[in-house]
Novice: 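Here's a structure for you.
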Amino acid sequence: MGASRPTEASDTEVVTRFAPSPTGFLHIGGARTALFNYLFARANGGQFRLRIEDTDRARSTEPAVAAIIDGMSWLDFEWDSEIVYQFARSARHAEVANSLLENGHGYRCYATAEELETMRAEQRAAKLPMRYDGRWRDRPASDAPEEAPFVIRLKAPREGSVTIADLVQGPVTVANAELDDMVLLRSDGTPTYMLAVVVDDHDMGVTHVIRGDDHLNNAFRQLALIRALGWPEPAYAHIPLIHGADGAKLSKRHGALGVDAYRDEMGLLPEAVENYLLRLGWGHGDDEIISRPQAIEWFDLAAVNRGPSRFDMKKLESVNGHYLRAADDARLVVLISPRIAAELDRPVTDGDRDILQRSMAELKKRASNLNDLAMASLFYLRSRPIPMDDGAAKLLAMAAPGVLARARALFGSVNDWSAAALEEQARALAEAEGLKLGAVAQPLRAAVTGSAQSPGLFEVMAALGRDETLGRIDDALATDTERATA
RNA sequence: GGUCCCUUCGUCUAGCGGUCUAGGACGUCGCCCUUUCACGGCGAAAACACGGGUUCGAUUCCCGUAGGGAUCACCA
């Protein structure tokens with residue numbers, strides 16, 4: 001791969017990147033980092049690139065790479081150019097480290113791991129900050145033990161300080177004395193993360209590094225490397241991390257889930273997750289529901305809050321409910337079909353899809369996620385006799401004697417099987433019986449839907465059709481008789 | 001512990017010296033709509049962490065305190 005650059009960016013074009021390490025799924029915090037990078041690039045007419053940081057061979061896995069790409073695709077964060085795999089570029093990383101040896105900004109360090117551990121233990125005991133003491137920094141090459149393994153360290157400046165004009169955090173200054181000479185190339189010749197990011201960002205033409213603020217401290221070390229190399233400095237934007245509801249950091253070990261879980265297990269829509277993530281740590285006046293194009297127009301790094309924000313599932317669900325109601329009915333039918341098939345333990349037929357499609361407008365108002373939507377849709381598709389839940393059984397038991405039977409007789413003679421006509425009949429019956437409409441409708445709802453809650457009863461009856469509706473009422477009547485005679 | 005960052009309703013946020021008796025959203029609680037449940041509508045309770053400055057005037061600027069977070073590897 002050598003010094004070739006995957007894509008050469010022009011001097012003025014904005015280039016951002018999302019650089020996850022494939023050690024697990026794409027978690028929610030990573031998704032937000034990706035979103036901000038994506039939005040910033042698009043807002044500035046620049047490029048958004050994806051880099052897989054797989055230099056940690058022990059922890060990187062192929063399925064994780066697939067999961068990240070899958071998550072990015074689901075969220076529709078389209079990246080430009082090809083994906084850069086960091087491990088494949090290790091020769092170039094080594095080349096850069098060696099060039100530092102030549103220009104005097106790097107040096108070989110022969111300290112062993114045990115030696116360094118002893119050094120740290122002493123520092124710890126003396127309550128001193130734990131830093132590499134630079135023991136090989138100025139030693140002549142003649143001191144080098146023969147055939148001994150060594151690492152290449154950066155000869156970082158020890159005087160003065162560095163200030164980063166962070167686009168989110170504002171100016172942040174750290175004294176060089178706080179930083180030690182970091183390892184760039186390990187003794188086995190592989191690059192460290194610090195070296196790899198700097199080289200890859202440079203070679204990819206990255207102009208704006210937008211990442212979690214857990215990297216803020218790293219930025220100073222990376223800047224020192226960039227300066228030693230004489231390369232142009234990117235702009236930095238360190239966005240705060242997302243915390244769990246308990247205020248603790250949301251990590252893979254602590255409650256963070258992959259975006260696939262939000263999709264599959266929680267039944268959320270990608271546009272809802274995106275909207276929620278956008279509003280977490282960023283705001284635009286009182287706006288809550290913000291479309292992708294609108295976000296691209298409005299998004300700016302300066303408005304990103306500096307403190308971490310807590311993840312609130314309730315609000316995410318609410319935003320999802322909004323997008324669910326706005327979603328196309330046919331799309332929702334497709335999305336809930338697999339869930340329904342699993343629940344019913346049979347394939348979803350064209351007829352099923354047809355009735356779901358016709359009922360979706362009402363169904364989706366009652367759900368805030370696809371799981372609930374699927375569950376609420378089930379009663380349309382169950383075969384007779386449909387199961388009664390407790391609420392339904394209670395309604396049936398408490399119904400005025402004979403109303404259900406008289407309603408059955410009445411509907412049996414109805415010719416116009418439309419919601420409006422059915423309602424008219426029911427109202428007439430209620431009036432004749434001296435009952436409120438609810439006293440007639442509720443037992444009917446129980447019989448027809450098996451539940452005490454459902455979309456509008458007459459719409460349901462119309463969607464179910466005459467035969468199915470009448471059959472279900474008959475089933476309820478039959479069990480009622482059985483109970484009476486038992 | 002060192003260094004760095006942060007601090008407005010329970011949560012996400014608006015606010016960028018006077019318009020703040022602090023606005024919106026989620027959640028919570030009422031009411032309305034209504035054949036149930038939702039949706040929708042209306043309304044309520046709910047916050048500027050604390051202490052000093054600066055200023056005619058601080059939620060807004062500065063400094064402390066407290067609290068929270070990040071980071072200190074031949075991991076990324």
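Keep in mind that the numbers below use all heavy atoms, side chains included, and drop hydrogens, waters and symmetry copies. Each chain gets a letter, A, B and so on, in the order the sequences are listed, and its residues count up from 1.
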Novice: Any carboxylate oxygen within less than 4.0 angstrom of a Lys/Arg side-chain nitrogen, looking at A/R51 and A/E53?
Specialist: yes

Novice: A/K314 side chain: which of B/rG27, B/rA76, B/rC37 is closest?
Specialist: B/rG27

Novice: Rounded to whole angstrom units, what separation is found between the NZ atom of A/K364 and the C1' atom of B/rG40?
Specialist: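 One finds 15 Å between C1' of B/rG40 and NZ of A/K364, rounded.
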
Novice: State the pairing partner of B/rU54; accept Watson-Crick or G-U wobble contacts with both distances under 3.5 Å, and report none otherwise.
Specialist: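 Check on B/rU54: unpaired, no WC or wobble geometry under 3.5 Å.
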
Novice: Within 45° of the ring axis of A/F150 and under 6.0 Å from its six-membered ring centre, is that where the NZ or CZ of A/R108 lies?
Specialist: yes

Novice: With a non-hydrogen cut-off below 4.0 angstrom, is A/R153 in contact with a base, only sugar-phosphate, or nothing?
Specialist: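 Sugar-phosphate contact only - A/R153 comes under 4.0 Å of backbone atoms but never of a base.
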
Novice: How many Å lie between OH on A/Y132 and P on B/rG2, as a whole number?
Specialist: 25 Å

Novice: Strictly below 4.0 Å: does A/R124 bring a side-chain N or O up to OP1 or OP2 of B/rG1?
Specialist: no

Novice: Return the pairing partner of B/rA25 with a 3.5 Å limit on both distances, Watson-Crick or G-U wobble; otherwise return none.
Specialist: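 Pair assignment: B/rA25 / B/rU11.
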
Novice: Give one of base, sugar-phosphate or nothing for A/E288, where a contact means two heavy atoms less than 4.0 Å apart.
Specialist: base

Novice: Out of B/rG10, B/rU71, B/rA76, which nucleotide sits closest to the side chain of A/D312?
Specialist: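 Shortest atom-to-atom distance from the side chain points to B/rG10.
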
Novice: Could you tell me whether the phosphate oxygens of B/rU3, OP1 or OP2, come under 4.0 Å of any side-chain nitrogen or oxygen in A/R131?
Specialist: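 For A/R131, the contact criterion (side-chain N or O under 4.0 Å from OP1 or OP2 of B/rU3) is not met.
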
Novice: Nearest-Å distance, CD (A/E431) to C1' (B/rU35)?
Specialist: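 Those two atoms, CD and C1', are 15 Å apart.
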
Novice: Does A/D166 reach the main-chain N or O of A/P171 with its side chain, forming a donor-acceptor pair under 3.5 Å?
Specialist: no

Novice: At 4.0 Å (heavy atoms only), tell me whether A/L216 reaches a base, stays on the sugar-phosphate, or touches nothing.
Specialist: sugar-phosphate

Novice: Looking across every strand, which nucleic acid part, if any, lies under 4.0 Å from A/S454 by heavy atom: base, sugar-phosphate, or nothing?
Specialist: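 Base contact.
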
Novice: Do A/F299 and A/W282 have their ring centres less than 6.0 Å from each other?
Specialist: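 Between A/F299 and A/W282, the centre distance is under 6.0 Å.
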
Novice: Which nucleotide in the set B/rC5, B/rC74, B/rU35 lies at the smallest distance from any side-chain heavy atom of A/V172?
Specialist: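 In terms of side-chain proximity for A/V172, the closest of B/rC5, B/rC74, B/rU35 is B/rC5.
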
Novice: Within the structure, does a side-chain N or O atom of A/T449 lie under 4.0 Å from either OP1 or OP2 of B/rU36?
Specialist: no

Novice: Counting the atoms with a prime plus P, OP1 and OP2 as sugar-phosphate, which does A/R310 contact under 4.0 Å by heavy atoms, base, sugar-phosphate, or nothing?
Specialist: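 It contacts sugar-phosphate atoms only.
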
Novice: Give A/Y276 one of three labels, base, sugar-phosphate or nothing, depending on what nucleic acid heavy atoms sit under 4.0 Å from its own.
Specialist: nothing

Novice: What's the closest nucleotide to the side chain of A/K315 if the choices are B/rG24, B/rA76, B/rC74?
Specialist: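 My answer, after comparing the listed nucleotides, is B/rG24.
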
Novice: At under 4.0 Å between heavy atoms, what does A/A111 touch on the DNA or RNA strands: base, sugar-phosphate, or nothing?
Specialist: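 Touches a base.
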
Novice: Check whether any side-chain nitrogen or oxygen of A/T55 sits under 4.0 Å from OP1 or OP2 of B/rA76, and answer yes or no.
Specialist: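 The answer is yes; a side-chain N or O of A/T55 sits under 4.0 Å from OP1 or OP2.
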
Novice: Would you mind telling me which residue lines up with the more 5' stretch of RNA chain B, A/R279 or A/G456, judged by nearest nucleotide?
Specialist: A/R279

Novice: On RNA chain B, check which nucleotide each of A/D286 and A/G281 is closest to and give me the residue with the more 5' one.
Specialist: A/G281

Novice: Just how far, in rounded Å, is P of B/rA76 from CZ of A/R51?
Specialist: 13 Å

Novice: Over all strands shown, is A/M194 touching base, sugar-phosphate only, or nothing at heavy-atom distances under 4.0 angstrom?
Specialist: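 Base, at least one base heavy atom under 4.0 Å.
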
Novice: In the structure I gave you, are the side-chain heavy atoms of A/R339 and A/N371 within less than 4.5 Å of one another anywhere?
Specialist: yes

Novice: A/P149 near the nucleic acid: base, sugar-phosphate alone, or nothing, with a heavy-atom cut-off under 4.0 Å?
Specialist: nothing

Novice: Checking contacts here: which listed nucleotide (B/rC26, B/rC39, B/rA76) is nearest the side-chain heavy atoms of A/K365?
Specialist: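 Nearest nucleotide to the side chain: B/rC39.
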
Novice: Output yes when at least one side-chain N/O atom of A/R120 is less than 4.0 Å from OP1 or OP2 of B/rC74, else no.
Specialist: yes

Novice: Report yes if at least one side-chain N or O of A/N305 is closer than 4.0 Å to OP1 or OP2 of B/rA14; otherwise report no.
Specialist: yes

Novice: Looking for any heavy atom pair under 4.0 Å, which part of the strands does A/T190 touch: base, sugar-phosphate only, or nothing?
Specialist: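 A/T190: no heavy atom of the nucleic acid under 4.0 Å.
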
Novice: Return the nearest nucleotide to the side chain of A/V151; candidates are B/rC5, B/rU3, B/rC74.
Specialist: B/rC74

Novice: OP1 or OP2 of B/rA38 sitting under 4.0 Å from any side-chain N/O of A/R325?
Specialist: no

Novice: How many whole angstroms separate atom NE2 of A/H243 from atom C1' of B/rA70?
Specialist: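 From A/H243 NE2 to B/rA70 C1': 8 Å.
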
Novice: Are any side-chain N or O atoms of A/T192 and backbone N or O atoms of A/L184, one a donor and one an acceptor, separated by less than 3.5 Å?
Specialist: yes

Novice: Got a salt bridge between A/K155 and A/D181, using NZ or NE/NH1/NH2 to carboxylate O under 4.0 Å?
Specialist: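 Salt bridge: no.
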
Novice: Out of B/rC37, B/rA76, B/rU35, which has the shortest distance to the side chain of A/Q442?
Specialist: B/rU35

Novice: Looking only at the side chain of A/E53 (C-beta and beyond, no hydrogens), which of the listed nucleotides B/rA38, B/rA76, B/rC26 gets closest?
Specialist: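 Minimum distance to the A/E53 side chain belongs to B/rA76.
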
Novice: Who is the Watson-Crick or G-U wobble partner of B/rU65, with both distances under 3.5 Å?
Specialist: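 Result: B/rA49.
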
Novice: Counting only Watson-Crick or G-U wobble pairs whose two distances fall under 3.5 Å, which nucleotide matches B/rA70?
Specialist: B/rU3

